[in-house]
Every structure is written in structure tokens, then in C-alpha cells.
Protein chains: 2
Amino acid sequence: MEKREKINHRDTVCAVDYAFQRIGGKHKGRLIYHLSKGTLRYGELGRRITGITPKMLTQVLRELEEDGLVKRHVYLEVPPRVEYSLTPSGMELVPFIVLLADWGRAKMNKEGLACEN
Amino acid sequence: MEKREKINHRDTVCAVDYAFQRIGGKHKGRLIYHLSKGTLRYGELGRRITGITPKMLTQVLRELEEDGLVKRHVYLEVPPRVEYSLTPSGMELVPFIVLLADWGRAKMNKEGLACEN
DNA sequence: CTGAATCCGCGAAGATACTG
DNA sequence: CAGTATCTTCGCGGATTCAG
């Protein structure tokens, strides 16, 4: 959890890096993408983000929360319910993610690959 | 070098992932960013992308070349000269990188961080 | 100058099992 | 349901050396 700290002290502060440190990584893009369509529960996210383990899902969500991109909302119920949604800051990133997805989709079509999202 | 292959066979094909696999990673963002301003030589890139080793620079450039985002141009001279530039495909990503950098810069200012790029 | 080749440590990511 | 805990594995990336 002290990863961000390490990165900050280490290399020079560059806007491109700063941004990639926040939305880069293996699952963050997809996570933001799915949340951009609306609030989702923990389990729902886990099902949509294929191949992610609970551990990584939690970790990624925590990082996004620390960076102020994702809001965590706990309902004190039985069974427990935790919902995640984008903060205004996180919403600012949606257009980029969408553009990126469009670009990816276009490239995939050109290469004859199927695309599910 | 078979990394891309492994990724492809493994998880489902998702446009967001597809894109992030191509421009994600530690140095790719900065690399594209610097090349967006014009053709650069190998050594020049190494100097601008602080903290990168020759090995990683070569590796990242090769990956971008395989993905058709970067064009490698070798001049048969002594001393050798190798220049890199963005392909049309790579150029398509520039607006995205720039917007992302703007976003990062704005956030950094809000947090009182200096920004060099 | 522009790389290629090799070795290797360490942290990230995966698997699995368990809990409130 | 929504996570934790623990263990292991793996490959990124650094350091170094060598080549054309």
C-alpha cells in the first residue's frame, strides 16, 4: 500500500507518468470503464472484470479510492452490500477511457479480432 | 518477447484492455508523448525519458514497433543513427496522451506538485 | 552510437483457503 | 456478500557486459 509513496519519491514528476500511475495497471482501465456506466457492487465488478481475483479487485479499488477517483459506499445490512461509483474526478477520465476503447475496438476489427465490450 | 502472445491467448478480448496493453506499461506513455513532438534518435529518447535503461528503452520501442505505433528508421552511417517516429496509428493516440497529460498536470497543480513536462 | 545478451533480485500478481 | 490471509510463482526491470 506504500507503493504510491515509493513511486513519488523515486522518479521525476511528469504529468504523463502521474496520469498513468493512476489509471494504468492491469485492471484499472476496465474498472473505470465499467463504473462509467453506473454504480456497481463488489461482486458485480468481479464478474464483469474477467480474470481478476478478489485480492486484486480489492487492491485496485483501494488505490483508486485513495487517488480520489472512486467512491466506496458501505451499506450496513445483512447480507452486506458495498457499492462503488466514480467521483467527479473519476468521471473526468471517462471520455479518455471511451476514446481509448474506441481506438482499441477499431484496431481489433482491423485485425479480425472479436471484441466483447 | 512472447509477452504479447501470452496476454492474447489468456484473457478475453476487451477493447479497453487491448488499448492499455499497447500504451500502458511504465514508459510507453512518456515515449509516445515525446515522439508526438517529432522524430527522435535513440540516444535523445534515452535522455528525455529519465530513469530508463537502454534495455528497457529498446524493449519498449520494439513492442511499440510490433504493434505498429512506432516506426524505426535506420541510417547506414558511421556512427550509426537510428531514428524513431510515430506511425499514423501512433499519431491517433496523441490527442489521448495530451489530454491525459493535461489532466495529470491539473491534478498535480491542485496538489501543489511541480511538473516538468 | 545503438543496440544485444545474460544474470538475477524483488515486488507484483495468482491460487487457495478462510472470516465477519 | 465482501472481503482477508498466506503462500508461491513469475516476470519486470536493473546492472553489467559485449558487439557491430
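These numbers come from a predicted model, not from an experiment. Reckoned from all heavy atoms, side chains included, excluding hydrogens, waters and symmetry mates.
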Whole angstroms only, please: what is the [atom1]-[atom2] distance between [X] and [N]?
| X | N | atom1 | atom2 | result |
| --- | --- | --- | --- | --- |
| A/Glu65 | D/dA2 | CD | C1' | 14 Å |
| A/Tyr42 | C/dG20 | OH | P | 17 Å |
| B/Lys28 | D/dC12 | NZ | P | 10 Å |
| A/Leu57 | D/dT4 | CG | P | 11 Å |
| B/Lys55 | D/dG14 | NZ | P | 8 Å |
| B/Arg47 | C/dT2 | CZ | P | 8 Å |
| A/Met56 | C/dA15 | CE | P | 12 Å |
| B/Glu83 | C/dC1 | CD | P | 15 Å |

Selected nucleotide, minimal atom distance to [X] side chain, candidates [options]:
| X | options | value |
| --- | --- | --- |
| B/Arg62 | C/dA13, D/dA2, C/dA4 | C/dA4 |
| B/Pro80 | D/dG3, C/dT2, D/dC1 | C/dT2 |
| A/Arg41 | D/dC1, C/dC1, D/dG14 | D/dC1 |

Hey, are A/Ser89 and B/Lys107 close enough side-chain-wise for a donor-acceptor pair under 3.5 Å?
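Judged by distance alone, the side chains do pair up.
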
A/Tyr84-A/Glu44 side chain donor-acceptor pair, cut-off 3.5 Å:
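On atom types as modelled, these side chains do not qualify, holding no pair under 3.5 Å.
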
Any side-chain N or O of [X] less than 4.0 Å from the OP1 or OP2 oxygen of [N]?
| X | N | value |
| --- | --- | --- |
| B/Arg72 | C/dG3 | yes |
| B/Thr53 | D/dG13 | no |
| B/Gln59 | D/dC12 | no |

Between the side chains of B/Arg22 and B/Glu63, is the shortest nitrogen-to-carboxylate-oxygen separation below 4.0 Å, so that they form an ion pair?
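Salt bridge between B/Glu63 and B/Arg22, a charged N being under 4.0 Å from a carboxylate O: no.
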
Under the side chain to side chain donor-acceptor pair (under 3.5 Å) rule, what do B/Arg72 and B/Ser85 come out as? Steps first, then yes or no, please.
CA-CA 7 Å; B/Arg72 184 166 178 263; B/Ser85 59; over 6 Å; no

Please check: side-chain N/O of A/Thr87 versus main-chain N/O of A/Leu69, any donor-acceptor pairing under 3.5 Å?
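Yes; judged by distance alone, with no hydrogens or angles, the pair exists.
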
With a non-hydrogen cut-off below 4.0 angstrom, is B/Tyr84 in contact with a base, only sugar-phosphate, or nothing?
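Answer is sugar-phosphate: B/Tyr84 comes under 4.0 Å of backbone atoms only.
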
